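The next block holds one structure in the form of structure tokens; read it before the comments.
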Amino acid sequence: MPIWLSPYCARPRMTHCGLLLACLLTLLTGCRSAPGITCPAHRETLSGEPLGDIEGRIIDRVNSFILILPQLQLESGTLRSSDPARYIPSAVTRDGWLLQRISAQRFSAINAPQNMMMTFNCPLNPPH
């Protein structure tokens with residue numbers, strides 16, 4: 001009987017399988033890209049004056065989203081709307097940002113005290 005089939009080697013064999021699985025998962029995780037999708041955005045004042053374009057990452061969780069910018073990360077929390085067919089689902093963060101899901105590919109972040117709004121237009125088919 002081969003030693004790897006012996007009942008005395010069942011435990012070390014499982015340890016080797018576990019080690020192999022751990023190595024495989026580590027390799028796959030290391031190759032994975034950052035979560036979310038990179039989306040271009042237009043920044044402007046609340047009255048519509050342009051402030052320039054930026055890029056941010058959106059992690060879409062359907063009922064909420066996370067917006068990641070170089071100097072800022074905003075989490076919407078649960079987006080709410082009394083009638084999603086008529087009103088945009090939105091939430092206000094602790095820092096006073098109004099975050100909105102305009103559509104499946106468009107998101108906005110508005111901060112009245114800073115007189116700024118950003119509208120993110122995410123690609124339909126993100127590159128892999």
Side-chain angles (χ1 to χ4, degrees):
M1 174 186 285
I3 193 151
W4 60 85
L5 295 178
S6 168
Y8 300 108
C9 292
R11 191 165 185 80
R13 184 172 171 212
M14 289 305 294
T15 303
H16 293 302
C17 290
L19 183 61
L20 180 63
L21 183 60
C23 289
L24 182 62
L25 288 174
T26 302
L27 286 173
L28 290 175
T29 303
C31 295
R32 201 168 77 191
S33 62
I37 181 170
T38 301
C39 306
H42 301 291
R43 289 187 322 152
E44 57 190 12
T45 65
L46 298 180
S47 61
E49 297 173 40
L51 294 173
D53 294 336
I54 59 168
E55 260 188 0
R57 288 193 75 71
I58 302 280
I59 301 172
D60 188 3
R61 296 182 174 161
V62 181
N63 291 324
S64 67
F65 67 93
I66 298 173
L67 169 60
I68 302 170
L69 298 168
Q71 302 296 323
L72 181 67
Q73 179 172 322
L74 300 170
E75 296 186 35
S76 71
T78 303
L79 297 167
R80 302 187 189 281
S81 175
S82 59
D83 182 358
R86 295 175 58 189
Y87 305 110
I88 296 173
S90 58
V92 177
T93 69
R94 292 181 181 163
D95 298 333
W97 287 86
L98 173 64
L99 300 179
Q100 300 176 314
R101 172 194 304 287
I102 300 169
S103 72
Q105 289 83 33
R106 293 188 71 205
F107 301 84
S108 72
I110 302 166
N111 189 309
Q114 292 182 14
N115 190 29
M116 180 177 56
M117 68 180 287
M118 299 177 277
T119 304
F120 294 84
N121 296 300
C122 300
L124 288 173
N125 298 312
H128 295 289

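What you see is a predicted model; the values in this text were computed from it and never measured. Hydrogens, waters and symmetry mates play no part in the numbers below; they use all other heavy atoms, side chains included.
Between Met117 and Leu46 the shortest side-chain heavy-atom distance falls below 4.5 Å. Residues Ile37 and Pro123 have side chains in contact (heavy-atom distance under 4.5 Å, counting atoms from C-beta outward). Looking at Leu98 and Val92, their side chains come closer than 4.5 Å, going by heavy atoms from C-beta outward. Between Leu51 and Met118, the closest side-chain pair of non-hydrogen atoms is not below 4.5 Å. Looking at heavy atoms from C-beta onward, Phe120 lies in side-chain contact with Leu67 at the 4.5 angstrom threshold.
In plain terms, the two heavy atoms of Thr93 and Leu99 that are nearest each other are CG2-CD1, 3.6 Å. Annotation for Pro40 and Glu55: closest pair CA-CG, 4.1 Å, computed over non-hydrogen atoms. Scanning both residues, Ala91 and Leu79, for their nearest heavy atoms gives N-CD2, 3.9 Å. Among all heavy-atom pairs drawn from Trp97 and Met116, the shortest one is CH2-CE, 3.4 Å. Of all non-hydrogen atoms in Pro89 and Ser81, the two that sit nearest each other are CA-CB, 3.8 Å. The heavy-atom pair separating Ile68 from Ile66 by the smallest distance is CG1-CG2, 3.9 Å.
A distance of 10.0 Å separates CD in Gln114 from CZ in Arg43, rounded to the nearest 0.5 Å. Atom CD of residue Gln105 and atom CG of residue Asp60 lie 9.0 Å apart, to the nearest 0.5 angstrom. For the atom pair CZ of Arg57 and CG of Leu69, the computed distance is 11.5 Å after rounding to the nearest 0.5 Å. In this structure, the separation between CD1 on Ile59 and CD on Gln73 is 7.0 Å, given to the nearest 0.5 Å.
A donor-acceptor pair under 3.5 Å is formed between the side chain of Ser76 and the backbone N or O of Phe65. Under the 3.5 Å distance criterion, the side-chain polar atoms of Arg106 are left unmatched by any main-chain donor or acceptor of Thr119.
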